[in-house]
Engineer: 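I'd like to ask some things about the structure below.
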Amino acid sequence: MRALRPLRRSAYRRLATALALSVLAEGLWTLAVVWQVVELGGGPVELSLVSGALALGVIVIALLGGVLADRVPQKWILVGVLAMLAVSIGLVAGLSALGALSVPLLVAVAAVIGLSMGLFFPAYSALVPAMVDADELLAVNGFEGVVRPVLLQGAGPALAGVLVAVWSPAAALAATAVTCVAGLVAALALPARALRRDLTTEATGHPVRAVVRDLVEGFRYMVGTRWLLVTLVFASLMILLVLGPLEVLVPFAIIERAGAGPGGHSLVLLAFGAGGAIASIVVASLRLPRRYLTVMIVLWSVACVPMVVFGVATTLWPMVVAGFVLGGLFSAPQVIWGTLLQRRVPPALLGRVTSLDFFVSLAFMPVSMALAGPVSVVAGLTPVFLAAGLVPLLFGAVALVVGRLGPDELAHPLDEARPVISG
């Protein structure tokens, strides 16, 4: 199968293992933290604080993460991140088991996790093209598109749900820490890879000036590249409306409207993961669409519509179906997006552009998560989910009309054997 071809390479198998374990840990945390907040007597507002702190951590460190990914061997960034996660989550699990955990401390650790994520993914994204051939990048992104939903929305939350139901949130958090340790072992086994950037030919100077120079170079590339800027602005606005309700309010819609508990929450996330996995493997097994930019934005816009179901359904099964559709429609364009960045962004800029992707497209993530709980208290769940489901359709239409992406995507086809590094 085309999507599994890169796994023939031992180096990539180790990298894929480290990624899979880090994603599984994130999936475990996603559900465990919800029920940890509930156990501490919190509700949507407290969960918004925890989720918002994690998102803010990603934003704060993302740009520096991109600079480091273009300057430091990416293997050691991954090793450091996984070690940091294992220690911080292990601390939370221990305090939870002892009954000494509090919401403020949980918020602080969530911020540390966000900082780690902001360092991990630019390094991982910059390392992938050094592990496989250019014509295997679509397969890599397809495989990653399967791994993420299966483990992040499926196996991770499902396992956490069992651990919470049978034992406690502390048990699920302990499993998260153990998974990070296993990921650390996989990262340590990665082979060394030289940077795809020759720093010896660049101007020397104070490290701070070098960092600023790197950031400016990446920002100029983003602003001067229409397809990149238009897509990131669209994604930012979509995330502002959708991510908070998806991450913070869906659990409470399941509890309050469907009368379900951890098992129901796990089932919805499992459906989300299954939809994402199926869509990713399909996209990775086909040729890239000729109008890949248009297809991406249309799919992401339409993907938001099932959010309406969580605002109107009063039983669990419509929410499960909506989760499946959401997962599929969000993941399919993500496979195309990853390949697009790796094909069209110059290798020496890939870490910084990936971090800018994080920073710009997720700039509103902490705002969305922080506002979701309070806004739902004032307006109610239904209006929030209606806005999250329908307004992104307008954003997508404006992006396609104003962005004038058609000529660019036709002039730069992606389905080629070698990367196209021009803007």
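All heavy atoms count here, side chains included; hydrogens, waters and symmetry mates do not. Here the structure is a predicted model, which means the values were calculated and not measured.
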Engineer: State, with a plain yes or no, whether a side-chain heavy atom of Val298 is found less than 4.5 Å away from one of Leu400.
Structural biologist: yes

Engineer: Grab the two heavy atoms, one from Val302 and one from Pro306, that are nearest each other, plus how far apart they are.
Structural biologist: O-CD, 3.6 Å

Engineer: For residues Leu190 and Leu15, report the shortest heavy-atom separation together with the two atoms involved.
Structural biologist: CD2-N, 3.3 Å

Engineer: Taking all atoms of both residues into account, what is the closest heavy-atom pair of Ala32 and Leu173, and its distance?
Structural biologist: CB-CD2, 4.0 Å

Engineer: Calculate, to the nearest 0.5 Å, the distance between atoms OG1 and CG belonging to Thr179 and Leu85 respectively.
Structural biologist: 11.0 Å

Engineer: Hey, are the side chains of Leu381 and Glu256 touching, using non-hydrogen atoms and a 4.5 Å cut-off?
Structural biologist: yes

Engineer: Checking Met296 against Leu340 for the side chain to side chain contact (heavy atoms under 4.5 Å, CB included) test, could you report, in this order, the C-alpha distance in whole Å, the side-chain angles of both residues, the deciding distance, and whether it holds?
Structural biologist: CA-CA 11 Å; Met296 277 195 319; Leu340 168 58; 3.9 Å; yes

Engineer: Using the six-membered ring wherever Trp is involved, compare the ring planes of Phe234 and Trp300 and label them parallel, tilted or perpendicular (cut-offs 30° and 60°).
Structural biologist: tilted

Engineer: Shortest non-hydrogen contact from Val308 to Gly389?
Structural biologist: CG2-CA, 4.1 Å

Engineer: Keeping Ser96 on the side-chain end and Val92 on the backbone end, is there a donor-acceptor pair under 3.5 Å?
Structural biologist: no

Engineer: Does the Ser368 side chain pair with the main chain of Leu240, one donor and one acceptor, at a distance under 3.5 Å?
Structural biologist: yes

Engineer: Could you check if a side-chain atom of Val250 sits within less than 4.5 angstrom of a side-chain atom of Phe385, using non-hydrogen atoms only?
Structural biologist: yes

Engineer: Run the side chain to side chain contact (heavy atoms under 4.5 Å, CB included) test on Tyr124 and Val81 for me, step by step, so that the C-alpha distance in whole Å, both residues' side-chain angles and the decisive distance to 0.1 Å come before the verdict.
Structural biologist: CA-CA 11 Å; Tyr124 168 81; Val81 164; over 6 Å; no

Engineer: With a 4.5 Å limit on heavy-atom distance, are the side chains of Val34 and Leu47 in contact?
Structural biologist: yes

Engineer: Working to the nearest 0.5 Å, report the span between CG of Leu54 and CH2 of Trp29.
Structural biologist: 7.5 Å

Engineer: Hey, are the side chains of Phe395 and Leu241 touching, using non-hydrogen atoms and a 4.5 Å cut-off?
Structural biologist: yes

Engineer: Would you say Val345 and Tyr221 make side-chain contact, with heavy atoms under 4.5 Å?
Structural biologist: yes

Engineer: Between Val242 and Cys304, which heavy-atom pair has the shortest distance, and what is it?
Structural biologist: CG2-SG, 3.6 Å

Engineer: Once rounded to the nearest 0.5 Å, what's the spacing between atom CG of Leu326 and atom CZ of Phe324?
Structural biologist: 11.5 Å

Engineer: Partners of Phe120 by ring pair (Phe, Tyr, Trp, His ring centres under 6.0 Å), sequence neighbours excluded?
Structural biologist: none

Engineer: Answer yes or no: is there a donor N or O on one side and an acceptor on the other, between the side chain of Ser22 and the main chain of Leu19, under 3.5 Å?
Structural biologist: yes

Engineer: Might you work through the side chain to side chain contact (heavy atoms under 4.5 Å, CB included) test for Arg344 and Asp408, ending with a clear yes or no?
Structural biologist: CA-CA 12 Å; Arg344 293 191 61 182; Asp408 183 275; 2.7 Å; yes

Engineer: Rounded to the nearest 0.5 Å, what separation is found between the CD1 atom of Ile61 and the CG atom of Leu115?
Structural biologist: 5.5 Å

Engineer: Closest approach of Met307 and Leu246, non-hydrogen atoms and distance?
Structural biologist: CE-N, 3.7 Å

Engineer: With the side chain counted from C-beta on, respond yes when Arg257 and Thr382 share a heavy-atom pair under 4.5 Å apart, and no when they do not.
Structural biologist: yes

Engineer: Going by the salt bridge (charged side-chain N to carboxylate O under 4.0 Å, His left out) test, which pairs reach into residues 290-300, not counting sequence neighbours?
Structural biologist: Arg291-Glu409

Engineer: With a 4.5 Å heavy-atom cut-off, do Leu28 and Ile89 have their side chains touching?
Structural biologist: no

Engineer: Supply the atom-to-atom distance Phe310 CZ to Leu249 CG, rounded to the nearest 0.5 angstrom.
Structural biologist: 11.0 Å

Engineer: Is Arg226 reaching over with its side chain to a backbone N or O of Leu405, donor-acceptor style, under 3.5 angstrom?
Structural biologist: no

Engineer: Checking side chain to side chain contact (heavy atoms under 4.5 Å, CB included) for the pair Leu229/Thr225: CA distance, chi angles, key distance, verdict?
Structural biologist: CA-CA 6 Å; Leu229 183 62; Thr225 307; over 6 Å; no

Engineer: Distance check, rounded to the nearest 0.5 Å: Leu299 atom CG versus Thr294 atom OG1?
Structural biologist: 10.5 Å

